[in-house]
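Working notes for the structure below.
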Amino acid sequence: MAGTSVLQQTNFFSPPADPPQFSELNLRLKEQQCLSLLKRCKNLEDFKQAHAQIVKWGFFWNSFSASNLVAACALSDWGSLDYACSIFQQFHDPGTFEFNTMIRAHVKDMNFQDALVFYYEMLERGVEPDNFTYPALFKACAWLKAKEEGMQIHGHVFKFGFESDLYVQNSLINMYGKCGEIQHSCAVFEQMDEKSVASWSAIIAANASLGMWYECLMVFGNMSSEGCWRPEESTLVTLLSACTHLGALDLGKCTHGALLRNISELNVIVQTSLIDMYVKCGYLEKGLSLFKKMTKRNQMSYTVMISGLAMQGHGEEALGIYSMMLEEGLDPDDVVYVGVLSSCSHAGLVDEGFNCFDRMKSEHGIEPTAQHYGCMVDLMGKAGMINEALEFINSMPIKPNDVVWRSLLSACRVHCNLEIGEIAAKHLFESNSQKAGDYVILSNMYARAEKWVEVAKIRTEMARKGFNQVPGFSLVEVGRRIHKFVSQDTSHPRCGSVYEMIHQMEWQLKFEGYSPDTSQVLLDVDEEEKRQRLKGHSQKLAIAFALIHTSKGTPIRIARNLRMCSDCHTYTKLVSIIYEREITVRDRNQFHHFKNGTCSCRDYW
DNA sequence: ATAGGGTTAG
């Protein structure tokens with residue numbers, strides 16, 4: 001262990017009283033030797049020997065060797081940050097490059113807090129930062145979501161005059177985006193003289209991280225029309241993610257095409273986001289076939305496939321993928337188990353669910369989170385084990401959240417258990433994450449039990465609390481454009497023809513036995529007004545619009561932000577018969593695949 | 001030496 005001894009003989013590091021003087025020629029020669037020594041290093045042991053050699057030459061105190069030593073040790077694959085730090089501390093006079101190296105190395109090591117410590121140390125010592133210092137720092141702030149600190153350091157950028165450096169600007173856009181301060185991102189973006197592909201990508205990613213998916217597509221459109229666009233993987237991956245969230249299959253397909261034309265070999269990240277896009281846009285077969293063709297899969301690829309299958313109601317198949325993952329020797333993480341447990345719940349596999357729940361802890365050492373408990377409650381609830389589900393909740397070591405109670409409440413609705421439904425609702429109403437839908441469910445349960453006094457009470461309670469009801473919307477893609485319809489929409493340019501279509505459809509539907517189900521309209525208005533409101537539900541508008549603007553037989557795919565009301569569910573089943581269309585609706589939680597008058601959810605949702 | 005990417009119950 002020659003290397004270790006170097007560290008132990010600390011006298012090596014004391015500065016020589018009379019440092020060796022090199023002639024110009026000799027200096028260049030030593031520099032070359034130093035570089036080639038460092039280049040040859042394949043591991044930390046090699047490096048320690050190279051280090052010792054450089055010390056022996058008496059070249060250690062030269063700034064050239066100092067910089068390269070620290071950089072080699074800190075930033076290479078085999079490097080050791082601790083060891084690099086120990087060398088760094090030997091320097092009496094570290095300069096900008098050495099500090100930059102330490103900052104970058106700490107960022108690379110995900111040690112963001114210490115990266116910032118090095119920066120402040122740098123300022124304290126009066127070492128001036130340069131334009132290479134800031135991108136790394138803003139990356140650290142982005143990860144730490146340290147908005148205040150980021151803004152402060154942004155101020156330093158002006159002080160030192162790097163505000164027009166392209167890389168600094170891009171990292172600022174990214175930092176503000178990650179901190180949720182998109183208006184600051186935009187401010188930096190707009191002040192740029194010249195925007196690079198990365199600047200656009202960063203602003204697109206900033207929109208994405210805030211869930212502003214529609215805006216993502218708009219910015220991408222601007223990027224293309226301003227001619228600043230080169231097909232780069234990372235931009236397209238963000239775009240795919242936007243398509244996934246918006247259910248924009250056609251645009252997703254175009255993006256896939258652009259990738260195939262421009263990138264010779266798609267990496268795991270791109271492939272994973274493609275699969276996710278296809279599956280969550282309702283094109284399961286394509287997602288599955290891409291998944292099977294993958295040569296290298298990681299945890300995330302499996303997660304995407306498992307939870308995607310679960311979402312489509314293919315629980316058994318999802319479990320098959322899970323076993324495949326174990327066979328491949330990959331270690332499942334907590335996210336994979338969320339998918340696995342939800343698969344069991346969708347497939348009604350109660351024993352298997354408990355089995356996986358135990359295995360998660362015993363074999364993989366994962367402590368269950370609220371999400372896992374939520375899946376278990378859903379699993380029992382769907383299977384009609386309402387009492388067991390309540391007991392399970394009461395024995396949870398962590399505080400059950402609103403989703404857990406809501407799961408139980410939904411199960412009580414399906415299995416007509418008013419008594420426990422009231423308990424679940426009580427917990428929800430006492431929390432501050434209650435939703436309009438919770439009141440709707442309970443009120444419907446009372447209505448079914450013909451407890452009209454209670455129904456009235458719930459409605460008064462709702463009105464009294466007056467909490468904000470999220471407006472429902474549906475997205476439908478026609479001609480590669482996303483059309484958004486809000487409930488009772490009057491803003492879409494072709495609203496007139498849509499309502500005309502709704503009116504025509506009404507007669508056809510009536511012949512098939514449709515009668516509006518107003519029980520879920522919670523407004524205090526008369527029956528006729530309720531029927532009018534039902535007609536304006538966003539999903540119906542989107543379907544009518546798609547029927548007008550797509551040719552016969554084209555499947556209709558809709559993505560919506562809320563769950564469906566029972567009237568829209570019945571309505572869509574009938575439309576699928578009358579107009580001979582397959583209609584896929586993705587709601588908040590799952591897929592509904594309507595075909596020939598039936599739905600894939602088997603009316604349980 | 002500098003920037004940007006994918007998954008999470010109901």
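Computed from a prediction, not measured in an experiment: that's the story for all the values here. Every chain is numbered from 1 and lettered A, B, ... according to where its sequence line falls, protein lines coming before strand lines.
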If a pair satisfies salt bridge (Lys or Arg N to Asp or Glu O under 4.0 Å) and one of its residues is in [range], list it, with sequence neighbours excluded.
range	result
residues 370-385 of chain A	D378(A)-K382(A)
residues 331-348 of chain A	none
residues 262-281 of chain A	D276(A)-K280(A)

Test of understanding: with ring pair (Phe, Tyr, Trp, His ring centres under 6.0 Å), list the residues that count as partners of Y119(A), not counting sequence neighbours.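 Counting only residues at least two positions away or on another chain, Y119(A) forms a ring pair (Phe, Tyr, Trp, His ring centres under 6.0 Å) with Y134(A), H156(A).
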
Original post:
Minimum heavy-atom separation for Q539(A) to M564(A), with atom names?
Top reply: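 Minimum heavy-atom separation between Q539(A) and M564(A): OE1-CG, 3.1 Å.
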
Sugar-phosphate, base or nothing in reach of [X], heavy atoms under 4.0 Å:
X	answer
S199(A)	nothing
K280(A)	sugar-phosphate
V197(A)	base
V304(A)	sugar-phosphate
N100(A)	base
D402(A)	nothing
A370(A)	base
D333(A)	nothing
K178(A)	sugar-phosphate
N68(A)	nothing
N589(A)	base

(message) Listing request: all side chain to side chain donor-acceptor pair (under 3.5 Å) pairs with a residue in residues 101-111 of chain A, at least two apart in sequence or in separate chains.
(response)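 Every pair satisfying side chain to side chain donor-acceptor pair (under 3.5 Å) with a residue in residues 101-111 of chain A: N111(A)-D114(A).
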
| request: Sorted by first residue and then second, give each side chain to side chain donor-acceptor pair (under 3.5 Å) pair with at least one member in residues 395-413 of chain A; sequence neighbours left out. | output: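 Sorted pair list: D402(A)-R406(A), R406(A)-D438(A).
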
inquiry  = Reading DNA chain B from 5' to 3', where do the contacts with chain A start and stop? Cut-off is 4.0 Å to heavy atoms.
reply    =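 First and last nucleotides in contact are dA1(B) to dG10(B).
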
Query raised in the report: Counting only non-hydrogen atoms, which of residues 256-274 of chain A are less than 4.0 Å from DNA chain B?
Result: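 Of all residues in residues 256-274 of chain A, the ones placing a heavy atom under 4.0 Å from DNA chain B are N267(A), V268(A), I269(A), V270(A), T272(A).
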
N/O donor to acceptor pairs below 3.5 angstrom from side-chain atoms of residues 253-261 of chain A, sequence neighbours left out:
| from | atom 1 | to | atom 2 | distance (Å) |
| --- | --- | --- | --- | --- |
| T255(A) | OG1 | L251(A) | O | 2.8 |
| H256(A) | ND1 | Y278(A) | OH | 2.8 |

Exercise. Taking the six-membered ring of F291(A), is NZ or CZ of R297(A) closer than 6.0 Å to its centre and within 45° of its axis?
Worked result: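 Yes.
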
